[in-house]
There are 4 protein chains.
Amino acid sequence: MSAPEISRKDLHEGRRNQLIDAALSLFAEKGYENATIKDLAEACGVAAGLVYHYFESKEDLLLSVFERHGFAAEMERVLLPAFDRPASEVLLEVVHSYYDLLVERESFMRMIIRESMTNPQLEERWTTMCNTGVQTLARYLAARVAAGELRAHDTEISARMLTHPVVVLRLTGGSVAQLSSIVDCLLEGINKKSGQG
Amino acid sequence: MSAPEISRKDLHEGRRNQLIDAALSLFAEKGYENATIKDLAEACGVAAGLVYHYFESKEDLLLSVFERHGFAAEMERVLLPAFDRPASEVLLEVVHSYYDLLVERESFMRMIIRESMTNPQLEERWTTMCNTGVQTLARYLAARVAAGELRAHDTEISARMLTHPVVVLRLTGGSVAQLSSIVDCLLEGINKKSGQG
Amino acid sequence: MSAPEISRKDLHEGRRNQLIDAALSLFAEKGYENATIKDLAEACGVAAGLVYHYFESKEDLLLSVFERHGFAAEMERVLLPAFDRPASEVLLEVVHSYYDLLVERESFMRMIIRESMTNPQLEERWTTMCNTGVQTLARYLAARVAAGELRAHDTEISARMLTHPVVVLRLTGGSVAQLSSIVDCLLEGINKKSGQG
Amino acid sequence: MSAPEISRKDLHEGRRNQLIDAALSLFAEKGYENATIKDLAEACGVAAGLVYHYFESKEDLLLSVFERHGFAAEMERVLLPAFDRPASEVLLEVVHSYYDLLVERESFMRMIIRESMTNPQLEERWTTMCNTGVQTLARYLAARVAAGELRAHDTEISARMLTHPVVVLRLTGGSVAQLSSIVDCLLEGINKKSGQG
DNA sequence: GATGAATGAGCCTTCATTCAT
DNA sequence: AATGAATGAAGGCTCATTCAT
């Protein structure tokens with residue numbers, strides 16, 4: 001019985017990922033500029049110089065964090081329900097899943113928001129990610145309009161009204177309990193004449 | 001008749017404000033850590049040492065920027081219409097004014113968002129500012145519920161659904177044209193059965 | 001009686017020159033790459049950071065050394081005697097003055113030779129300096145040919161034969177006593193038939 | 001008949017020499033301090049660590065370059081013609097061969113000149129090499145004096161006047177065409193009265 | 001008030017060298 | 001022999017901050 005084979009490449013990837021993950025934590029917590037390479041090395045129990053075997057520069061490390069922790073795909077998955085399921089049933093699920101995703105990816109969220117304020121490349125990345133999410137959900141809503149469930153309207157906007165409050169809620173410490181009200185407001189509106197309960 | 005008197009104190013205030021305003025620009029553009037005191041001094045055409053005649057430290061300068069450029073008051077003004085005016089008439093105005101305010105205060109917005117990701121004190125400030133705004137608008141909406149115009153609902157959430165998409169729209173390059181759809185969606189909802197002519 | 005006035009600009013220049021001079025010493029002794037900014041600062045009794053108030057970078061410092069210690073002008077002065085003085089009388093003086101100049105500027109010589117092996121810009125500078133010197137002396141020799149003192153010949157080459165051995169003599173530890181033989185050989189040649197005792 | 005045997009020792013020598021030759025190139029081009037072991041390894045297509053199987057340290061590598069590429073012997077061969085051949089016939093050959101040798105060994109020349117400015121041991125090596133060359137040629141010239149071809153004079157100096165301008169010519173981009181003038185000047189002198197038809 | 005020289009801590013990065021595999 | 005991960009000591013450079021003038 002031989003020991004489980006771990007290839008050199010795997011070891012390399014392993015350490016590299018360890019560094020990236022630790023970098024994400026540090027960058028989110030202290031900010032990119034305030035997190036030092038020494039911090040990172042210590043967090044990983046290695047010498048500072050080693051970081052430069054894996055990344056060309058601190059900025060390259062930052063980009064690698066984005067490469068590894070970007071979650072555009074997960075976001076699209078979460079925001080695109082089956083077209084034949086009714087919105088009344090599905091939207092609450094979507095909003096909750098979205099919220100949970102943001103909780104899970106909080107470090108990344110905080111990091112990208114911070115850096116996108118300053119770095120035009122990252123700003124575009126973040127904008128694209130947001131807009132892609134919005135348009136994904138809008139596509140589903142449009143399908144529900146076509147299916148005759150929802151009235152004709154600007155579905156991109158309704159997608160924004162579902163997703164953006166969730167993001168800000170997360171960042172400004174609002175409670176999860178409010179998520180269902182969001183869906184309700186959006187579906188039913190707040191005008192009395194259109195009311196039903 | 002003597003020349004208009006400019007007191008020593010006014011001169012002091014003038015220069016101080018000049019420094020603060022330049023600091024806001026720099027902090028918003030490059031980020032607090034990447035903006036140097038020398039940058040600031042150059043932007044104002046003075047020597048670096050002079051900054052320390054007006055502020056105890058760079059951090060003190062940052063706080064002074066918040067002191068001078070915080071716009072909680074303007075936000076409350078914008079988000080609190082007269083209770084007796086109908087939402088159907090007022091909300092579009094509110095959303096537009098809010099959007100315009102964000103445009104006018106863009107530098108400050110970007111700065112506080114960035115710094116609040118990292119600095120707990122500023123995070124609380126930013127959270128409070130957001131929540132105060134939300135609650136101000138919620139108070140108006142509650143008044144309209146009481147007035148019988150709107151149906152009973154969680155007005156804090158509807159306030160979020162009006163304001164948060166506006167913020168994110170601003171930051172991710174959405175167009176102003178979409179503002180009216182926001183109000184419409186919120187008032188009428190998107191359900192077909194709740195009909196809207 | 002007031003104290004002697006020393007302007008701020010003079011103080012600046014003074015310190016700047018002190019740094020440049022110390023840098024020349026260090027660069028000549030240890031080589032540019034082996035001389036550290038800390039070395040330099042210590043040699044001048046200041047903090048390392050101060051160097052960067054006077055020079056943008058270590059390379060800028062190197063260039064400043066060249067600016068200040070280049071001696072093309074002195075070299076031309078030394079190598080250009082009055083056209084009407086006979087070579088037989090003047091060349092030994094020239095060679096000695098040239099040798100003395102090289103002794104006085106030894107640090108600079110060693111530095112530029114070393115750096116020109118590696119840095120194309122400096123190589124050109126050094127080449128130009130050499131060639132200018134050669135051509136200056138060649139011009140004088142040509143005047144002596146025209147004056148009928150010397151035979152018609154390639155005066156650039158004879159200028160090289162006077163100056164280059166002096167340089168190498170300096171660098172490889174030859175003795176000053178040999179300088180007069182150089183002049184003699186050049187004037188008289190070494191062929192017996194042209195000999196004169 | 002077995003295939004040609006290549007001993008382990010030969011393989012070792014082969015790789016060692018490959019490393020040394022690549023090191024010479026790098027040291028000449030970028031300078032010892034600016035050439036990294038990694039540069040060297042890459043140039044040879046091996047891992048950085050391997051260099052230390054062949055050399056104890058970077059300095060040992062430098063010394064090995066001198067061991068392998070020193071050309072004192074070639075220089076002596078080039079600078080020592082048969083004593084019975086007349087200088088008038090031989091010197092131009094010598095100067096050309098010497099020039100060609102310097103062209104062939106340019107990398108080494110540039111390297112040793114550079115390093116000798118800084119490293120006393122190498123300086124001595126370089127000085128010795130120069131002086132040995134000078135004395136070798138001087139010995140031949142002395143033989144020609146004894147043979148009655150040349151007048152009695154300081155032959156070390158005339159050897160310098162033949163060799164040093166050639167070196168500097170090489171380094172400062174002079175043309176080969178000037179070599180014959182050197183010999184002519186030295187043989188005949190430049191004084192008109194010593195006439196030469 | 002205003003200047004700018006001076007400090008000193010600390011950061012990113014490089015690199016010769018070692019060593020387990 | 002060969003690899004490349006890992007180390008650790010510097011080195012160049014930046015910058016908030018102080019202080020004499």
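Computed from a prediction, not measured in an experiment: that's the story for all the values here. Chain A is the first sequence line, chain B the second, and so forth, proteins listed ahead of strands; every chain is numbered from 1.
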Let me know the distance between OH of C/Tyr52 and P of E/dT7, rounded to the nearest Å. 15 Å

Grab the NZ-C1' distance between C/Lys38 and F/dA9 for me, whole Å please. 11 Å

Look at the aromatic rings of A/His12 and A/Tyr54 and report parallel, tilted or perpendicular, splitting at 30° and 60°. tilted

Is there a donor-acceptor pair under 3.5 Å between the side chain of B/Lys58 and the backbone N or O of B/Tyr32? yes

Pairing partner of F/dA1 (Watson-Crick or G-U wobble, both distances under 3.5 Å): none

Compute whether any side-chain donor of one residue and acceptor of the other, for C/Ser116 and C/Arg125, lie under 3.5 angstrom apart. no

Quick check on side chain to side chain donor-acceptor pair (under 3.5 Å): which of A/Arg110, A/Lys30, A/Glu33, A/Arg114 does B/Thr118 satisfy it with? A/Arg114

Measure CD/A/Glu33 against C1'/E/dG10 and give the value in whole Å, please. 15 Å

Does F/dG4 have OP1 or OP2 sitting under 4.0 Å from an N or O in the side chain of A/His12? no

Rounded to the nearest Å, what distance is computed from the CD atom of residue C/Glu13 to the C1' atom of nucleotide E/dA5? 14 Å

Taken to the nearest whole Å, CZ/B/Arg16 to P/E/dG1 is 12 Å

5' precedence on DNA chain E between A/Ala48 and D/Tyr32 (nearest-nucleotide basis): A/Ala48

With sugar-phosphate meaning primed atoms plus P, OP1 and OP2, does C/Val51 contact a base, only sugar-phosphate, or nothing at under 4.0 Å between heavy atoms? nothing

Can you tell me how far apart CG (D/Asn34) and CG (D/Leu26) are? Round to the nearest 0.5 Å. 11.0 Å

Of the candidates F/dT3, E/dT17, F/dG12, the side chain of C/Lys58 sits closest to F/dG12

Whole Å only: how far is the CZ atom of B/Phe55 from the P atom of E/dG1? 11 Å

Take atom NE2 of D/His53 and atom P of E/dA16, then tell me their distance rounded to the nearest Å. 17 Å

Heavy-atom nearest nucleotide on DNA chain F for A/Tyr54 versus B/Ala35: which residue maps closer to 5'? A/Tyr54

Select base, sugar-phosphate, or nothing to describe what C/Leu50 touches, counting heavy atoms under 4.0 Å on all strands. base

Starting at the 5' end of DNA chain F, which residue's closest nucleotide do you reach first, B/Glu56 or C/Ser57? C/Ser57

Roughly, in whole Å, what's the span from CZ in C/Arg15 to C1' in E/dA5? 9 Å

